[in-house]
4 protein chains.
Amino acid sequence: MKEDNKPQGRPRSIQSHQAILKAALELLAEVGYERMSVEAIAQNAKVGKSTIYRRYKGKEELVADAIESIREEVVIPDTGSLWGDINALIENAARITFNPLGKQAVATIISSASSNSEFARIYAHKYLQPRREAFTVVIKKAKIRNEVRLDLDADFVFDVMSGMMLYGLIFPPTSETWEEYVRRAMEAVIS
Amino acid sequence: MKEDNKPQGRPRSIQSHQAILKAALELLAEVGYERMSVEAIAQNAKVGKSTIYRRYKGKEELVADAIESIREEVVIPDTGSLWGDINALIENAARITFNPLGKQAVATIISSASSNSEFARIYAHKYLQPRREAFTVVIKKAKIRNEVRLDLDADFVFDVMSGMMLYGLIFPPTSETWEEYVRRAMEAVIS
Amino acid sequence: MKEDNKPQGRPRSIQSHQAILKAALELLAEVGYERMSVEAIAQNAKVGKSTIYRRYKGKEELVADAIESIREEVVIPDTGSLWGDINALIENAARITFNPLGKQAVATIISSASSNSEFARIYAHKYLQPRREAFTVVIKKAKIRNEVRLDLDADFVFDVMSGMMLYGLIFPPTSETWEEYVRRAMEAVIS
Amino acid sequence: MKEDNKPQGRPRSIQSHQAILKAALELLAEVGYERMSVEAIAQNAKVGKSTIYRRYKGKEELVADAIESIREEVVIPDTGSLWGDINALIENAARITFNPLGKQAVATIISSASSNSEFARIYAHKYLQPRREAFTVVIKKAKIRNEVRLDLDADFVFDVMSGMMLYGLIFPPTSETWEEYVRRAMEAVIS
DNA sequence: GAATAACCGAGACGGTACGTCAAGTCTTGGT
DNA sequence: ACCAAGACTTGACGTACCGTCTCGGTTATTC
């Protein structure tokens, strides 16, 4: 039983779509969510405003999709040791996060998620879940290598890692680097 | 030359000041930071807009002060045991956080802090610091009672607690309650 | 060399054409020129917008043609007396004019003509001229019957009649009916 | 019993008001009603759009008021003879009407009045009525001077004059000037 | 009877203007 | 110097149409 969604009329332009996302991300990185205007996005993307509003219900949805679009593929590190893998994960997170765009993206996500539980739920599902699963694989391999005790709760460890990253991102630690800070918490919970 | 800033003319009305804060908090709880307007605050407080802008540079500062105004005194629990104290701290945090106003206040803080590092710095200093110090006292007493190892880093433990609270607030855990979630992380780092 | 413009390809659909005119007139009567949209016409006529723009350069031209399409044949009354004929002409004009569509059609014509002299010229030529000629015939017959003086300027009388109709249509007289109003002016100029 | 309309707050700026009207009239003369934008008016008047929308419900109302504002004082001519007076009235009407602004103003009035009977009613009351009264005075004096029969209906003569002016404005006569055209109709009805 | 050419409905495209809303500033008369 | 009220400029919002363009698909005429 197919759901015969045969679209009629001129199809939506892929170039426009990408130009919109590109412009949105550029502006997000430059001036941040609040100060960026849909009008400016349209202008930079050389696109009519209606082309944006045909795709998205509003600025919020547009930016959510733009951020979504830069989500990188989740790569499961395989360095052969638990800490090698964890360090790879942390470094990867740091790489994504520590540039203007990453910072603004995280800020936007946190901001939206904290004032809108639905957004939080969606984000948790679409972004966090794949990473959680990747982390579970890493822990499982460590268990096989006997690097950690067998009853270690991978989900909980992942949450501690995420929580510390978030916290360190918002309130940067003064004495250590952000990465060491996270690593230290991981050591404690993995013990 | 004295810097005796003796204000001339009619002094600023205290009633107005409090009405502004009250109205701001009510609206914050009802509709959240973005959707609340300074105009509505002024109207609800039966105050002219200029009376607000005379006191604050803008909406951001006003809301910051409004949230500041509900900050409760930091009380250092003293139950006689480390876990009694920690549980008291967690319960207190939960009490403050789990109502519409608390949620919006936290959302506003996180949102502002994540997109504005200056705000984050101020908040860390004015809000987090006193709590950090209270926590340090709790840990110190536990050390005296020999409940924890002597080289335990109180600051780090505090940060893990804060981080988990923040994370659990934004992305509520599904399986456990928020409080147990935080407590579990604490157990791991105190060990 | 023949100018035998024999069109190739699929001929334009007559049903579509008529559906467009029908929808245009309906909307014109309902909401008036300004508030009617080409999009709505296309939708009501179950026709693509391009089918409209293939036929007309724009909304203006489309509506002009739609109004044109309801133009009735000019009938020269022949009641046997000048006033019988004139009354027939007036009554006919009233019949055409006093319904929603007629009112809007006149409004559209006047509006266009008053802000666009080219439109006025075209309209004067295509619509007014045949009526002027019919009126001239009526006057000529009256002259033969000796009902009016022989040097009566039929064109001028026609213009007075038209002018009074127009004026009475825009600013309806309060004391008399529109028709009596016109008739009274006619009596004066025919004397 | 006074109707205590004591306005509070900053009063509406008279300069802004006048700048808006001035800009509106300029644009009306230059590009006409349809092609003029409220945005352009605001810009030319160096005024925020909201300042316009605070005063008027929309473009239509603004333009109506702008046209209203150039209405000249009605002057009752007194040349000593009926035809001297009438000629003065006609020449005055011609003077007002035959420039870009006048043409557009008339076009706008006719257009609005013909598609909106409420506008027609207002206009008839505020613009036509004073002129009608002035004309009545002129006729009354002529009656005293025995230049016309005593039972001449001044209102009706005025309507014929107005109607012919309107008609001649929309469909300019080819053989005679607009003014002679009107005069000729007047002669017929005054007889 | 296949190729060609113009048509068709649908709907996306880049634009322009609309009318609304809020931010932060300014100006009243009055306390 | 303060106050409430409500004006002011600025600038973004999201909506509605305009007239054009692009799909897949449909008739007629021409080869």
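The analysis underlying the following values was restricted to heavy atoms, covering all of them including side chains, and did not include hydrogens, waters or symmetry mates. In what follows, every chain begins at residue 1, and chains take the letters A, B, ... in the order their sequences are listed.
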Participant: What is the distance, to the nearest angstrom, from the CE atom on M36(B) to the P atom on dG24(E)?
Facilitator: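 Checked: the CE to P distance equals 12 Å.
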Participant: Take the protein atom CD1 of I14(A) and the nucleotide atom P of dA12(E), then report the distance between them rounded to whole Å.
Facilitator: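 In whole Å, dA12(E) P and I14(A) CD1 are 14 Å from each other.
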Participant: What's the CD1-P distance between I41(B) and dA4(F), to the nearest Å?
Facilitator: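 After rounding, the gap between these two atoms is 14 Å.
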Participant: In whole angstrom, give the distance that lies between atom CD1 of I52(D) and atom P of dC21(E).
Facilitator: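 So the CD1-P distance, I52(D) to dC21(E), works out to 17 Å.
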Participant: Checking V38(A) against Y56(A) for the side chain to side chain contact (heavy atoms under 4.5 Å, CB included) test, could you report, in this order, the C-alpha distance in whole Å, the side-chain angles of both residues, the deciding distance, and whether it holds?
Facilitator: CA-CA 11 Å; V38(A) 177; Y56(A) 304 106; over 6 Å; no
Participant: Verify the contact: side-chain N or O of K59(C) to OP1 or OP2 of dC18(F), cut-off strictly under 4.0 Å; return yes or no.
Facilitator: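 For K59(C), the contact criterion (side-chain N or O under 4.0 Å from OP1 or OP2 of dC18(F)) is met.
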Participant: Between K46(C) and G9(D), name the one whose nearest nucleotide on DNA chain E is closer to the 5' end.
Facilitator: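 Checking each residue's closest nucleotide, the 5'-ward one belongs to K46(C).
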Participant: Tell me, yes or no, whether the heavy-atom count around E68(C) atom CD, taken from other residues, nucleotides or ligands under 6.0 Å, exceeds 12.
Facilitator: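 Buried by this count: over 12 neighbours within 6.0 Å.
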Participant: When you get a sec, tell me which of dA5(F), dG19(F), dC23(F) is the closest nucleotide to the side chain of E39(C)?
Facilitator: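 Of the options given, the side chain of E39(C) lies nearest dG19(F).
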Participant: Could you say whether G58(C) or V38(A) is positioned toward the 5' end of DNA chain F, judged by the nucleotide with the nearest heavy atom to each?
Facilitator: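 Here V38(A) is the residue nearer the 5' end.
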Participant: Are any side-chain N or O atoms of R55(B) and backbone N or O atoms of T51(B), one a donor and one an acceptor, separated by less than 3.5 Å?
Facilitator: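 Judged by distance alone, yes, a pair lies under 3.5 Å.
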Participant: Between R12(A) and A40(B), just flag the one whose closest nucleotide in DNA chain E comes earlier from the 5' side.
Facilitator: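 Going by which nucleotide is closer to the 5' end, it is R12(A).
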Participant: Classify the side chain of K49(C) versus the base of dG19(F) as yes if they form a donor-acceptor pair under 3.5 Å and no if they do not.
Facilitator: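 By the distance-only test, yes, there is a pair.
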Participant: Would you say T108(D)'s side chain and Q104(D)'s backbone share a donor-acceptor pair under 3.5 angstrom?
Facilitator: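 Confirmed, T108(D) side chain pairs with Q104(D) backbone.
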Participant: Please report, rounded to the nearest Å, how far the P atom of dA12(F) is from the CD atom of E60(A).
Facilitator: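 About 19 Å, once rounded to whole Å.
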Participant: Taking 4.0 Å as the cut-off, does a side-chain nitrogen or oxygen of Y53(B) come that near to OP1 or OP2 on dT25(E)?
Facilitator: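 Negative; the distance criterion is not met.
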Participant: Rounding to an integer number of Å, can you tell me how far Q43(D) CD sits from dG11(F) P?
Facilitator: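 The distance from CD of Q43(D) to P of dG11(F) comes to 10 Å, rounded to the nearest Å.
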Participant: Using atom CD of Q15(C) as one end and atom P of dT26(F) as the other, report the distance to the nearest whole Å.
Facilitator: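 Value for this atom pair: 16 Å.
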Participant: Looking at dT10(F), does its base get a donor-acceptor pair with the side chain of S50(D) below 3.5 Å?
Facilitator: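 Answer yes: a donor N or O sits under 3.5 Å from an acceptor.
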Participant: OP1 or OP2 of dC8(E) less than 4.0 angstrom from a side-chain nitrogen or oxygen of R54(C), does that happen here?
Facilitator: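 For dC8(E), OP1/OP2 do have a side-chain N/O of R54(C) under 4.0 Å.
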Participant: Figure out the CG/C1' separation between L62(A) and dA12(F), and round it to whole Å.
Facilitator: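 Rounding to the nearest Å, CG of L62(A) and C1' of dA12(F) are 14 Å apart.
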Participant: Between Y56(C) and A42(B), which is nearer to the 5' end of DNA chain F once each is assigned its nearest nucleotide?
Facilitator: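 First, find each residue's nearest nucleotide; the 5'-ward one identifies A42(B).
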Participant: Please determine if K59(D) forms a cation-pi arrangement with Y33(D), meaning its NZ or CZ atom is less than 6.0 Å from the six-membered ring centre and no more than 45° off the ring axis.
Facilitator: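 The answer is yes; both the distance and angle limits are met.
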Participant: Measure distances between side-chain N and O atoms of R10(A) and base N and O atoms of dC13(E), and say whether any donor-acceptor pair falls under 3.5 Å.
Facilitator: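 By the distance-only test, no, there is no pair.
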Participant: With respect to I41(D), which candidate in K22(D), M36(D), E26(D) satisfies the side chain to side chain contact (heavy atoms under 4.5 Å, CB included) definition?
Facilitator: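 Of K22(D), M36(D), E26(D), side chain to side chain contact (heavy atoms under 4.5 Å, CB included) with I41(D) is met by M36(D) alone.
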Participant: Any side-chain N or O of R55(B) below 4.0 angstrom from OP1/OP2 of dC3(F)?
Facilitator: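 Yes, such a contact exists.
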Participant: Any donor-acceptor pair, under 3.5 Å, between the side chain of T51(D) and the base of dA7(F), if you only look at N and O atoms?
Facilitator: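 Answer is no: no donor-acceptor pair is held.
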